[in-house]
Structures are given as structure tokens and as C-alpha cells.
Amino acid sequence: MAHVHSGTSRGLHSSIVIVGGGIAAIGAAHRLLQHGFTNVKVVEAKERCGGRIWSRRFAKGLVEIGAQWIHGPSKRNAVFQLASQYDLLDEEAMSEENQAVQIDGHPPAVSTYYTSSGKRLGPEITAPVEELYSTLSLKSREFFQSKTEPVQSLGEFLKLEIARCAGEWKDEEETCNLKLAVLNVEFKMECCISGTDSLDLVALQPFGEYILLPGIDCVFPGGFKSLIDAMMKSLPKDIVSYNKPVKCIHWNGSFKRPNTLERSYSVLVECENGETIPADHVIVTVPLGFLKEHYKTFIHPPLPSSKINSIQKMGFGTNNKIFLEFEEPFWEPECELIKLVWEDESPLVRTQPDLHKAWFRKILGFIVLQPVERYGHVLLAVLAGQEAEFMESLSDSEVKNCLTQVIRRFTGNPLIPLPKSIIRSKWHSDQYTKGSYSYTAVGSSGDDIDVIAQPLPFKSTKAQPLQVLFAGEATHRTFYSTTHGALQSGWREADRLNEHYLSFISAKAKL
Ligand code: 6YU
């Protein structure tokens with residue numbers, strides 16, 4: 001006979017609080033409601049949902065202060081799946097051809113290379129360098145399956161390989177130096193992709209565990225925010241409490257609402273404003289950057305030492321964006337990417353940067369936002385690491401002036417006017433994020449991601465049920481650092497809670 005279970009026996013009325021309101025949280029809330037849970041709350045520190053998905057008005061349209069592209073838009077990408085269901089993407093992105101293209105992590109772009117002496121570099125120099133870098137980049141992913149790796153970091157590996165290849169170049173010294181300078185732009189790009197200060201900080205062995213999905217990266221014509229808006233529409237209106245930073249999650253306790261005869265709860269969410277919310281389960285989705293800074297006081301009793309170790313070992317760096325709007329373009333209409341080659345730089349020589357004098361050298365170049373009808377004449381500069389963090393301390397006009405000098409120098413055109421307007425990200429000084437996204441730093445591996453994702457208590461039983469669960473991009477072993485990783489992690493924790501109750505029911509049914 002089939003067993004019929006009431007909402008109560010299935011735990012559907014249990015109180016679930018989700019801390020943070022990014023895509024992991026909204027995804028978890030969505031999935032919990034689909035499973036039939038009725039008492040779900042989201043508590044967000046800021047005045048908006050979306051977290052590191054943040055589309056803002058600028059120039060003619062919307063620009064992305066955080067996540068911009070669907071990386072690998074194809075069937076296995078959860079963000080792509082959802083965006084397709086909500087009909088948020090354009091025809092090209094939806095086409096089967098686009099979904100089938102394997103880009104190996106570095107989307108192809110029509111690039112123009114300018115040098116620091118105001119020259120343009122032709123494909124005779126840049127094409128072989130791009131090809132070499134792409135080969136080395138793929139090679140660096142192969143150590144994931146092997147038991148040993150030649151060196152600890154991605155940077156060391158790439159430098160050894162580059163030194164070996166450069167030794168075989170037959171070009172004049174000047175050309176060899178230019179090629180190394182072009183390779184240094186690829187290093188800066190890779191730093192942005194991994195959100196790190198230096199590739200020497202990125203662990204080599206686990207690098208290949210990150211899965212590159214097929215599909216040519218695409219954007220949301222109505223902004224990435226259109227996805228969050230669509231997801232929010234299917235949730236009850238009052239599910240999110242805004243402007244409510246959580247101060248501490250107390251677990252392993254027996255908490256009651258004040259002045260009630262109600263049952264007790266094992267978790268209590270304490271907010272900065274003094275409010276307390278008792279819960280049976282809490283899903284923590286705050287960024288790893290926030291956890292790194294606050295793990296000592298954010299969860300009480302303190303996290304087990306294995307979790308603390310993994311939180312400390314994993315990398316969480318800064319990738320920042322600077323959008324500039326111009327009256328007129330100084331670039332050609334087909335140009336997608338302007339790369340800046342500093343002729344005196346080489347990946348084989350790393351000098352300590354003078355941040356005040358040279359922070360802007362970390363900018364790899366400018367991405368041209370297209371189509372112009374949607375955005376206006378807008379360039380996007382990207383930079384990672386200490387320089388990106390230093391940039392946050394400058395004023396808008398300092399940044400605008402400095403980048404205009406750089407553009408004039410590299411194009412050799414001193415008449416290029418100042419940009420009309422500027423908008424930029426400051427992810428490192430954002431107190432609820434403290435950086436951009438996670439990477440497997442030297443000394444860490446995918447196992448650390450799994451440890452961070454492990455719910456508390458480690459061994460849950462009916463008497464000691466799941467209390468604190470962890471989601472967010474930094475908890476996804478193969479898609480960390482992305483929106484689809486974050487979304488899947490939210491779904492995973494919602495499913496974990498659902499299965500948690502189902503397993504007790506099936507155990508009971510067997511008795
Ligand atoms: C993607 C992309 N993209 C650029 C930049 C950034 C990111 N990503 P959230 O932070 O969203 O939510 C947590 C919430 O918690 C937040 O709202 C807080 O306010 C709140 N909170 C914190 N503390 C709290 C408290 N105490 N109480 C209550 N609430 C609290 N991803 O798919 N495409 O183009 C980019 C990019 C500049 C900053 C990105 C991109 C990353 C995503 O934005 C990010 O992963 C998710 O949005 C995170 O969602 P969440 O819910 O987990 O947290 C080979 C190889 C190597 C591996 N790397 C591959 C690189 C690919 C990634 N590249 C990204 C590139 C760009 C440009």
C-alpha cells in the first residue's frame with residue numbers, strides 16, 4: 001500500500017531561513033517551494049537581491065557590475081536552462097550551433113593590439129602568441145587526472161613552458177620581447193578569469209577540475225538582472241527581508257520565540273538589528289570573502305576546524321570592472337577587444353608593482369560593448385588583484401583621467417577626449433562580498449570546496465537533524481566562480497533538505 005504522508009511528517013512546515021539573496025539563495029528558495037516546503041524566508045543584508053548579479057543603468061542601456069556572461073551556454077548550464085525557459089536570451093545564443101561550440105575557456109574575439117609606444121601589432125606577432133597561450137592553457141588543465149604535477153602553481157607551470165618555447169624562437173630580440181609582452185596580456189586576462197592577483201597563487205593540479213561547458217559565451221539582452229527578476233516573480237512577494245544583515249547563526253541549541261508556548265528550534269538567526277529568527281534549518285549563501293573575514297563570529301558554536309582550514313585555504317580574489325562611455329568611438333566598428341601591450345613587460349619577469357604610479361598597468365585592455373544600439377559607445381576595462389583593489393580607493397575622475405592618458409598613449413592619438421561618464425565596481429570594499437569569486441589557491445583543492453559545502457552537524461540523524469547548510473558559488477566543486485555553479489549549489493541544498501526528510505519517512509516505512 002502506498003504511504004500517504006502529511007506535510008508535518010515530511011517536514012514541509014519546518015522553518016527554513018536562507019541567509020543571503022544572491023542566485024544561490026533565490027535558486028534554493030525556488031526549489032524548496034517546488035518540493036512543497038511552506039515556511040521559507042530569505043534574509044538579505046542589502047536593499048536588493050542578486051548579490052554579484054547586479055545590472056545598472058549606464059549610457060544607453062544596462063551594464064553588468066558583476067556577472068556578465070553565461071559561461072558555456074548549453075544544456076548542462078543551469079543558468080542557460082533557466083534563461084531559456086524564461087525566454088530571456090536572443091536567437092543567436094539559443095541556436096544549436098552556438099551551444100555546440102567548444103571554446104576551451106577563452107572566447108574568440110576580434111582583437112586590436114596597441115603597444116605602449118603607440119603602435120599597432122599585426123597578426124604576424126599576435127596570432128602565434130595567442131595560439132601558444134591557448135595550447136599551454138589546455139595543457140595546464142591536464143594535471144587534474146595525474147598523480148603528480150611538475151610545479152605547484154599555474155603561473156610557475158606557464159612560465160616554465162614559455163621559457164622553454166621562447167628558447168626555440170628564431171626571431172630578432174625585439175620581436176621575442178614583443179611576443180613576451182603580448183603573453184603578459186594573456187596572463188592578465190587569466191588573472192581576471194580566475195579572479196586572482198597572480199597566477200602563482202592558483203594551484204596547478206586542481207585547475208582542470210573546473211568544467212568548461214560548450215557554447216559561445218552570451219549575455220542577457222535585458223541584463224543579467226532579468227533572470228533574478230523572473231525567478232523572484234515566482235516566489236511569494238514577502239519571502240525576502242531586505243536591509244537585514246545577519247550577525248550570527250547560533251546552532252546546536254534549543255531556541256524559542258519569546259513569549260510563546262511554541263516548540264523549540266535548534267537554530268537561531270541573529271540579525272545586526274537585534275532581531276532573532278528561530279529556524280529548523282539555515283542555508284548559508286554568503287560569499288567566501290565574507291566567511292573568510294567573519295567565520296569566527298558568524299557561526300556559533302564555531303565551525304569545525306576542518307571547515308575553517310578549507311575556508312582559509314581556498315582563494316578569493318578581486319576582479320573589477322571600469323565602464324567608460326564615449327561621445328564617439330575611436331575604435332573600428334568590428335573591434336571586440338582592444339588589448340594593451342606594455343612593451344617592457346614579460347611574464348618571465350615579475351616586479352613588485354608600484355600601485356600609486358602603475359596600478360593601471362594591470363588592465364589587460366578594453367572590451368567593446370556590442371551592439372552599440374543597446375549600450376552606446378561603451379568600453380569595459382577589466383583588472384584583477386592588488387591593482388584592482390587599489391583602484392577602489394581612487395575617485396571617479398582620477399580613474400577617468402588616468403585611463404584617458406593610457407588610451408591616448410597606446411593609440412598615439414593625444415586628441416581623444418575624456419569619456420563622458422564612468423561607472424565601476426568596488427567588489428573588494430563591498431563589506432558583504434569582500435572580493436569577486438573563488439579559485440583553488442596553491443595548497444587547496446576540490447576537496448576543500450566539498451568540505452566548505454558540508455552541512456552541520458557532519459553526521460545528521462533524526463535526533464540530530466541537518467541544521468546549517470552551505471550553498472554559493474564557492475561550494476560547487478566543478479563550476480565554482482560562476483552563476484551556474486551558484487544556482488546549482490542552491491538547488492543541491494534544497495534537494496538535500498528534501499531528501500533528508502524523505503529518508504526518515506522511508507526508514508519509518510520499512511519498520
Ligand atoms: C558568471 C560571469 N563574471 C564578474 C565579476 C564578479 C563576479 N561572476 P552572491 O554574492 O551573489 O550572494 C550572496 C548574498 O549574500 C549577497 O547578496 C550579499 O549581500 C549577502 N550577504 C552577505 N553577507 C550577509 C549577511 N551577513 N547577512 C545577510 N546577507 C548577506 N559569473 O557566470 N559569468 O561573467 C561572471 C563576474 C566582477 C564579481 C562574476 C561571473 C561570478 C558570479 O557573479 C558569482 O559566482 C555568483 O553571482 C555568486 O552567487 P552567490 O549566490 O553564490 O553569491 C579554467 C578555470 C578557472 C576557473 N574560473 C573560471 C572563471 C569563470 C568566472 N568568471 C567570471 C567572470 C565574470 C566577468
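Note that ligands are numbered from 1 as they come in the structure, with each ligand's atoms numbered from 1 the same way. None of the values given here were measured: they were computed from a predicted structure.
- For ligand 1 and F207, the ligand atoms under 4.0 Å from any heavy atom of the residue are 54 (C), 55 (C), 56 (C).
- Enclosure of atom NZ in K225 is not indicated, since only 12 or fewer non-hydrogen atoms of other residues, nucleotides or ligands lie within 6.0 angstrom.
- Distances from ligand 1 to the non-hydrogen atoms of R141 include at least one value under 4.0 Å.
- Taking a 4.0 Å cut-off on heavy atoms, S425 fails to register as neighbouring ligand 1.
- Atom SG of C191 and atom CD of E186 lie 11.5 Å apart (nearest 0.5 Å).
- Heavy-atom separations between Y439 and ligand 1 are all 4.0 Å or longer.
- Nearest non-hydrogen protein atom to atom 37 (C) of ligand 1 is N319 O, 3.5 Å.
- Distances from ligand 1 to the non-hydrogen atoms of G50 include at least one value under 4.0 Å.
- F323 and F58 have tilted rings, their planes meeting at an angle from 30° to 60° on a 0 to 90° scale.
- Not a single heavy atom of T433 sits closer than 4.0 Å to an atom of ligand 1.
- F290 has its ring centre less than 6.0 Å from the ring centre of H294.
- Below 30°, between 30° and 60°, or above 60°: for H35 and F37 the angle between ring planes is above 60°, a perpendicular geometry.
- Aromatic ring centroids of Y210 and F144 lie 6.0 Å or more apart.
- The ligand atoms of ligand 1 that sit less than 4.0 angstrom from a heavy atom of A486 are 48 (C), 49 (O), 50 (P), 52 (O).
- Residue contact check: G472 has heavy atoms under 4.0 Å from atoms 52 (O) of ligand 1.
- Nearest protein heavy-atom neighbour of atom 55 (C) of ligand 1: Y210 CD2, 3.4 Å.
- At least one N or O atom of A45, backbone or side chain, sits closer than 3.5 Å to an N or O atom of ligand 1.
- Taking NE2 of H30 as the reference point, atom CD1 of I239 lies at 9.5 Å (rounded to 0.5 Å).
- For the pair K339 and F366, the cation-pi test (distance below 6.0 Å, angle within 45°) is failed.
- Cation-pi geometry between R52 and W427 is not satisfied (NZ or CZ under 6.0 Å from the ring centre, within 45° of the ring normal).
- Within 6.0 Å of the CD atom in E392, the count of heavy atoms belonging to other residues, nucleotides or ligands exceeds 12.
- When S137, A67, S481, C271 are checked for heavy-atom proximity to atom 3 (N) of ligand 1, A67 turns out nearest.
- Of all protein heavy atoms, the one closest to atom 13 (C) of ligand 1 is T285 O, 3.5 Å.
- Distances below 4.0 Å separate heavy atoms of G20 from the following atoms of ligand 1: 14 (C), 15 (O), 20 (C), 29 (N).
- Protein heavy atom at the shortest distance from atom 31 (N) of ligand 1 is T483 N, 3.4 Å.
- Near S436, meaning under 4.0 Å from any of its heavy atoms, are these atoms of ligand 1: 38 (C).
- For atom 10 (O) of ligand 1, the nearest non-hydrogen atom of the protein is R52 NE, 2.6 Å.
- Interface atoms of ligand 1 facing P245, defined by a heavy-atom separation under 4.0 Å, are 27 (N).
- No more than 12 heavy-atom neighbours from other residues, nucleotides or ligands sit within 6.0 angstrom of NZ on K247.
- Ligand-side atoms of ligand 1 in range of K46: 19 (O), range being under 4.0 angstrom from any heavy atom.
- A salt bridge links E209 to R477: at least one charged side-chain nitrogen sits closer than 4.0 Å to a carboxylate oxygen.
- Atoms of ligand 1 lying under 4.0 Å from at least one heavy atom of F298, given by number and element, are 26 (N).
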